[in-house]
Amino acid sequence: MLKDITLGQYFPGDTLVHRLDPRTKLISVVLDFIALFTANNWLSTAVVALTLILAVALSRIKPRALLKGMKPLMFIVVFTAVLNLFYTEGHVIAQFWIFRITSEGLRRTILMVLRIFLLVSCTFLLTYTTSPLQLTDGLEQLLRPLKKLRFPVHELAMMMSIALRFIPTLIEETDKIMSAQKARGADFETGGLMRRARALLPVLVPLFVSALRRADELATAMECRCYHGGEGRTRMKTLQMHTADHLTLLFWIGVLCCVIVLKRFGL
Amino acid sequence: MPDIRLESLRYVYSRGTPFEKVALNDVTLDIPAGQYVALLGHTGSGKSTLIQQLNGLLTPTAGRVLYDGEDIHRSKEALRDIRFRVGLVFQYPEYQLFEETVYKDIAFGPGNMRLPAAEIEERVRKSAHFAGVDESLFDASPLELSGGQKRRIAIAGVMAMKPDVLVLDEPIAGLDPAGCRSLLENIKRYHRSTGCTIVLVTHEMNVAATEAERLLVMRAGQIALDGTPQEVFSRPEELRSMGLDIPGAAALAQALRQRGVSLPESIYSPKYLAKTLLSRMGGVSC
């Protein structure tokens, strides 16, 4: 149940996509987003889709894993689809009761669903192929210029990596506490909203107590290892861009240009 | 009191993902009512998965769990009922306490059974007594007590449901020696006076040797050895190959045997070893 949440999960591997510098991947995702929002017709969307398919194939991530991650977002997808399908003006191709489907609406719906799907798959591909540690490292490096504006880049990155690090731990802990309370006859599945909310109390109290205890222990452990913030801190693994990274970025810029040109000529 | 029977039980974690793992592989097992069983095994051998099958917290991938001859997963009601009949004390149960007072926390289980208040009170007192929780602590907040006390409260909370089967996962892990001894004594006393089945998961061979009447040793999701302590501990090589040890007394007896002292293979408890050695030395009484 709780363990099936795939959001933000990392699937270790040793493919080209896994080996890329996290900064490259982060920038690629941003470029991909820009390209997707620029693309407004079949051909340009297809170009982005093909690029992503290529990336997924290279990463050897199973398409099923990507689809599984989509599940929680199904509601948004269906909602967007319905809105676009029934509320777009244009040439009517089907009609029943108060609903009208136009050819423009159909086209827009398909493009919109495709766009959401590609957006989400792209972010999933990033988190599936990049360990949380690398990800925050990359983010910290990319945001470094903001330090000049006194923006706490290092602290933010540290908080992020700690949060990411503890998500699985807390999920596991929640699972364990729920099982323990179920073993004492706690019932989380039946009853009205209020009853169910109250039934969660035996889970939430121990969970908070243990989260606070963990935070306290972690702070002590960090201090014992002389952690004193980002000032003067060096790294064991410094991020390094290689040829593959430069090529990937060039490639993405190419894709983006391609999309812009396609849009310009309305193909 | 009813028996438990596991029939070709199989359980797979995270099926269909890259993290798929077979935790139980075709386990068939009978636990007759009233037995004191110790479940042993290396970390990751499937002990915890097995005990969560006993009260239906996990649904088997294949196979059946029979309680009193009936499948525990036959209906929702049956499944809820089994939770009260098979009491499960998890590892480090002290982290599951949540109520404002010790009394309320112990009463959580029986309260879920919708028992009358008087009955609940009686059960709380009795189980607190069995688990070694002093009644003067009833109004204290469980979160402010020591680790050992918290664990006793958590165990009392499960005993208060008066289960026919009490399953304890590593109940003595992390306790000091005195706390260990008294907790084990409490469990034994509870076993004797209620006649319920006990399943004790432990790493401690000495504990298993002295407490249980039957040992189950797991390896890679299967029951590798099953028998009385005497039978199981007479196969030290097999135990060692599974990353387990034999009790201190058995190891000492084995070492003496290798040095030419003739001792029977069946020695595993310190008492018996001492007795045998003393009689060997010419019947000196102690």
Side-chain angles (χ1 to χ4, degrees), chain A residues 1-6 9-13 15 18 59-69 71 128-129 168-191 195 198-214 217, chain B residues 13-19 48 51-52 54-59 76-77 79-100 104-115 141-144 150 154-161 163 166-169:
Chain A
M1 43 178 211
L2 281 171
K3 276 184 192 142
D4 294 332
I5 297 173
T6 46
Q9 199 172 38
Y10 170 57
F11 292 96
T15 66
H18 282 87
S59 71
R60 298 218 189 106
I61 295 285
K62 285 192 191 115
R64 196 142 53 104
L66 284 175
L67 285 175
K68 208 175 150 200
K71 248 191 219 156
Y128 282 176
T129 60
T169 313
L170 286 179
I171 288 178
E172 204 176 295
E173 186 111 0
T174 313
D175 236 13
K176 230 189 259 168
I177 296 172
M178 277 180 100
S179 301
Q181 307 300 23
K182 267 195 213 159
R184 293 211 275 163
D187 183 5
F188 303 114
E189 277 125 36
T190 56
R195 248 194 82 125
R198 253 221 322 272
L200 279 180
L201 207 66
V203 177
L204 292 179
V205 174
L207 191 65
F208 270 89
V209 171
S210 95
L212 289 175
R213 184 176 47 87
R214 265 178 214 287
E217 280 169 6
Chain B
Y13 279 108
S14 312
R15 201 140 59 116
T17 72
F19 305 104
S48 294
I51 59 169
Q52 287 186 59
L54 297 181
N55 72 347
L57 276 175
L58 297 176
T59 312
K76 248 190 164 169
E77 290 71 38
L79 196 59
R80 201 167 148 69
D81 189 49
I82 201 77
R83 303 266 160 84
F84 300 123
R85 288 165 170 275
V86 181
L88 178 52
V89 181
F90 275 83
Q91 217 169 345
Y92 299 109
E94 55 271 33
Y95 297 132
Q96 294 134 24
L97 305 176
F98 69 98
E99 280 283 12
E100 302 144 71
K104 277 192 190 172
D105 211 292
I106 300 177
F108 180 65
N112 283 329
M113 297 166 85
R114 312 244 160 79
L115 296 170
S141 160
L143 302 178
E144 285 158 7
K150 280 191 206 169
I155 293 173
V158 174
M159 284 177 172
M161 301 191 304
L166 182 64
V167 186
L168 302 118
D169 193 354

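This structure is a prediction, so every number in the text was calculated from the model and none was measured. Here is the naming used below: chain letters follow the sequence lines, and residue numbers restart at 1 for every chain.
Ranked by heavy-atom pairs under 4.5 Å with chain A, the first of B:M113, B:R83, B:E99 is B:R83. Looking only at heavy-atom pairs under 4.5 Å with chain B, the residue among A:R64, A:K62, A:Q181, A:R184 that has the most is A:R184. In terms of non-hydrogen atom pairs under 4.5 Å with chain A, the most contact-rich of B:L57, B:N55, B:V89, B:V86 is B:L57.
Heavy atoms from other residues, nucleotides or ligands lying under 6.0 Å from NZ of B:K150 number more than 12. Heavy atoms from other residues, nucleotides or ligands lying under 6.0 Å from CZ of A:F188 number more than 12. Environment of CZ in A:R198: sparse, with no more than 12 heavy atoms of neighbouring residues, nucleotides or ligands closer than 6.0 Å. The neighbour count for A:R60 CZ, taken as heavy atoms of other residues, nucleotides or ligands under 6.0 Å away, does not exceed 12.
Residue A:P206 comes nearest to B:Y95 through the heavy atom pair CB-O, 3.1 Å, listed as atom of the first residue, atom of the second, then distance. Taking both residues in full, the closest heavy atoms of B:F84 and A:G185 are given as CE2-CA, 3.5 Å, listed atom of the first, atom of the second, then distance. Closest non-hydrogen pair, A:A186 versus B:F108, comes out as CB-CZ, 3.8 Å.
Summarising the geometry, atom OG belonging to A:S179 is positioned 9.0 Å from atom CD belonging to B:Q96; distances are rounded to the nearest 0.5 Å. The CG atom of A:D187 sits 8.0 Å away from atom NZ of B:K76, with the distance rounded to the nearest 0.5 Å.
At a 4.5 Å heavy-atom cutoff, the contact between B:L143 and chain A is made by side-chain atoms alone. For B:L88, the parts sitting under 4.5 Å from any heavy atom of chain A are the backbone and the side chain alike. Of the atoms belonging to B:D105, heavy atoms from both backbone and side chain fall under 4.5 Å from chain A. In this structure, no portion of B:Q91 lies under 4.5 Å from any heavy atom of chain A. Proximity to chain A is absent for every atom of B:R85, based on heavy atoms less than 4.5 angstrom apart.
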